[in-house]
Structure formats: structure tokens, C-alpha cells
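Indexing begins at 1, ligand by ligand and atom by atom, following the structure's order.
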Amino acid sequence: MTPTPARPHLRIATEEAFAPPEMIRLYEKILAGSDVDPGFKGLMGFYMSSPSERARHIMRCLQDLDEVRLAHMDEAGIDHQVLALTAPGVQIMDTDTAVSFARFANDFLADAISRHPKRFSGMLTLPVQDPRAAALEIDRGVRQLGIRAAVINSHTHGQYLSDPKFWDIFAAAEQHGVPIYLHPNSLPRNMIEPFQECGLDGAIYGFGVETGLHALRIITAGVFDRFPRLQMIIGHMGEALPFWSYRLDYMHQATVRSKRYESIKPLLKKPSDYLRENFHITNSGVAWEPAIKFTQSIVGVDRVLYAMDYPYQYAVEEVGLLERMDMSAEDKKKFFQTNAQALFGIGPL
Ligand code: 1DF
Ligand code: MN
């Protein structure tokens with residue numbers, strides 16, 4: 001194999017998952033209960049019980065924020081990880097548990113960052129079920145823990161952030177300059193069947209469809225007209241939304257003009273304008289030069305960032321593949337390092 005070339009930039013990976021052992025214990029209780037969410041059972045229920053090598057490797061890596069993870073980062077040439085509590089995080093829990101566990105998980109994350117400040121930064125977990133508490137946790141996380149981004153794992157028990165009842169979260173994020181990473185979740189009960197019966201509900205396709213839908217719902221609900229400075233992040237090459245831009249713009253306008261739906265109202269800008277002005281896109285799971293360059297051409301080179309999706313896609317060879325992209329040294333440095341430093345407030349490393 002061609003060795004990974006030396007480079008004039010650091011590598012910051014921006015969608016990297018962890019799980020405190022205490023959360024795995026809590027998930028065991030949820031999975032032992034009645035009427036378990038089928039998506040949760042199919043996802044975390046699988047990883048927590050499968051004897052397969054992949055599942056056991058993932059469970060071990062998720063729960064380590066010291067030797068194992070740092071060794072893997074060194075092996076792959078990753079200088080710094082932006083950590084996020086793995087999906088579904090606290091969003092599968094009941095509201096009271098979500099509120100208290102989010103605080104625990106964020107303190108746990110802040111501890112790991114303080115043990116390895118050059119290697120880790122992170123995103124706050126939010127108890128979306130209680131939007132006021134989630135807004136307060138953004139405030140606490142920024143002021144007390146020094147964490148300057150947040151993650152939301154798509155829908156919460158089938159509910160979407162396009163509903164104004166959640167918009168206290170957006171108000172707090174905008175006020176604090178906290179970008180929100182809209183990360184996939186397993187599919188909600190009312191969507192999963194046609195995906196799961198053919199095995200396509202997970203990261204292979206279902207995640208992208210559902211998270212892309214969620215991002216679009218946020219756009220078409222007018223969230224960015226109400227919160228114009230709010231920044232969101234979406235992974236997996238924008239969950240294909242850049243590729244949809246032309247059709248989204250054309251059909252959004254046509255739908256508004258025909259007054260076909262109460263819920264599709266006029267927006268100040270075209271859907272693709274919000275992608276360019278309110279979204280950052282990571283290449284998590286997609287080490288593919290044509291898709292990365294196409295996305296840069298749609299949203300600009302300052303808004304496309306590197307991510308590995310450790311430990312779900314711990315693929316060391318992809319780092320070299322991305323280093324060898326035919327791209328200027330300046331743009332490559334933006335992709336691997338400086339866009340992430342600016343967005344997540346990561347200082348000199
Ligand atoms: C998987 C993929 C699981 C991603 C994840 O979290 C995840 C997977 C539970 O392959 O089952 O974050 N991903 O982002 O692609
Ligand atoms: Mn992920």
C-alpha cells in the first residue's frame with residue numbers, strides 16, 4: 001500500500017463517537033423493558049449483544065477515551081477528535097432520565113477533554129425531550145465546561161426539530177454561537193418497516209434518508225429565517241442534500257406558488273442558500289474525492305470538514321486516500337484542520 005504522505009496540516013476528525021459504560025448499563029435496562037423501540041433494538045441492541053468481531057471492537061472502542069483510542073488515533077494519523085455521545089444518546093430515554101444523564105455525559109466528556117486537551121474536544125449532548133432543559137444545558141456546557149458545540153441524533157421518539165416547541169434549543173445555540181451537529185438516529189417506528197425488512201435501515205441508507213429529511217424539515221419550517229446566525233453540521237457528505245440542491249430549489253418554489261401545502265410556506269431564500277449559509281458538511285463515512293469536491297463546489301471550501309466516524313468506520317487506509325486527493329494544499333488544510341478549528345473553537349494544537 002502507498003504510505004500516507006507527510007503533510008503540512010493537522011488532522012481533526014469531527015464525528016467521533018464515545019459511550020460511558022454507565023450509558024451501556026442504562027441501555028441494557030431499556031432493552032430489557034417492554035415495547036422496545038425497533039430501531040434502537042436493531043442498532044444498539046445489536047452492537048451490545050452480537051459476538052461478531054465488528055460489534056465487539058466497536059463496544060470496546062466506544063467506552064475507551066484513553067489508551068485504546070489514542071493508540072488508534074496515532075495509528076491512523078488523527079491528531080484530534082471532536083467527540084460526540086454515540087447515537088441515540090439520551091434521546092431514547094424518558095424525559096427525566098435524559099435530563100439528568102445529559103449532565104452526567106457532558107461532565108464525563110469534559111473530564112476526558114481535560115485529561116487529553118490536545119487530543120480531544122467535544123459536542124454537548126442535549127435532552128431534546130425537554131427543550132428548556134436542553135437550552136439550559138447549552139448554557140451550562142459553554143460556561144462551565146467550555147464545550148462549544150452540540151449534537152442532536154435526529155428525531156426524538158419520532159418528533160422533529162421543525163416543530164416550534166423545540167425552538168428554545170435553536171435560540172440558545174444561536175445566542176451562544178454553538179453549532180448543532182444533526183447526527184443520524186435509528187429510524188422511527190412509523191418509518192422503519194420498509195427499510196428494516198430488507199436490511200437497509202442503518203448506516204447503509206436509512207440513516208441518510210431520515211437525517212436528510214430532518215435537515216430539510218428544519219429548512220422548510222423557516223428555522224433559518226427565524227435564527228439566521230444558527231449553524232448546523234450534517235455528516236455523510238450532507239446526507240446527499242448537496243446532490244439534491246437543484247431539484248429542491250425548483251420544486252420548493254413550485255410548491256410554494258401552487259399553495260399546495262399549508263406547511264410549505266415562502267422562505268426568504270432558496271433551500272440551497274441555507275445549505276451554503278447555515279450548514280457545514282463533514283465527509284464521515286465517505287472517503288470519496290468526487291463527492292467531496294462536488295460538495296465543496298456547492299457549499300464552498302470553508303464549509304466541508306473531515307470526519308472518520310470512529311469507531312464505526314475505523315478505516316486507516318481512508319486517511320491516506322483523502323491525503324492523496326487532487327486538491328490544493330490550502331484547501332486540504334481547510335478540510336483537515338482549519339475549518340474544524342474555526343467551527344468548534346479549537347485553539348492551537
Ligand atoms: C453506525 C454508523 C452507528 C454511524 C452509529 O452510531 C453511527 C453503524 C450508533 O454503522 O451502525 O454514528 N454513522 O454515523 O454512520
Ligand atoms: Mn456517526
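- The closest approach of D309 to the Mn ion (ligand 2), by N/O/S atoms, is made by OD1.
- Linking Ile, Leu, Val, Met, Phe, Trp and Tyr residues whenever their side-chain heavy atoms come within less than 4.5 Å leaves L10 and I78 in two separate clusters.
- Taking the six-membered ring for Trp and thresholds of 30 and 60 degrees, H57 and H72 have ring planes inclined between 30 and 60 degrees apart.
- Tested against N283 for a side-chain contact (heavy atoms from CB on, under 4.5 Å), the candidates E15, M237, M308 yield a single pass: M237.
- Ligand-side atoms of ligand 1 in range of T86: 6 (O), 9 (C), range being under 4.0 angstrom from any heavy atom.
- For atom 9 (C) of ligand 1, the closest non-hydrogen atom on the protein side is Y312 OH, 3.2 Å.
- Taking the N/O/S atoms of E15 in turn, the shortest distance to the Mn ion (ligand 2) belongs to OE2.
- At a threshold of 4.5 Å between non-hydrogen side-chain atoms, the residues I264 and H252 count as touching.
- The heavy atom nearest to atom 10 (O) of ligand 1, considering only R54, H236, Q313, is found in R54.
- The aromatic rings of Y314 and Y310 sit perpendicular, their planes meeting at an angle over 60°, well past the 30° parallel limit.
- Closest to atom 4 (C) of ligand 1 among all protein heavy atoms lies D309 OD2, 3.6 Å.
- A salt bridge between D74 and R119 is present, with a side-chain N of the basic residue lying under 4.0 Å from a carboxylate O of the acidic one.
- Listed by number with element, the atoms of ligand 1 under 4.0 Å from a non-hydrogen atom of L43 are 9 (C), 11 (O).
- Each of the following atoms of ligand 1 lies closer than 4.0 Å to a heavy atom of A87: 9 (C).
- For Y47, the heavy-atom gap to ligand 1 drops under 4.0 angstrom.
- At a cut-off of 2.8 Å, H236 is not counted among the residues with an N, O or S atom near the Mn ion (ligand 2).
- H80 places no side-chain N or O within 3.5 Å of a backbone atom of L349 that could act as its donor or acceptor partner.
- Ring geometry for H9 against F336 counts as parallel: the plane angle stays under 30°, on a 0 to 90° scale with 60° as the upper cut.
- Interface of A203 with ligand 1, defined as ligand atoms under 4.0 Å from a residue heavy atom, comprises 2 (C), 8 (C), 10 (O), 15 (O).
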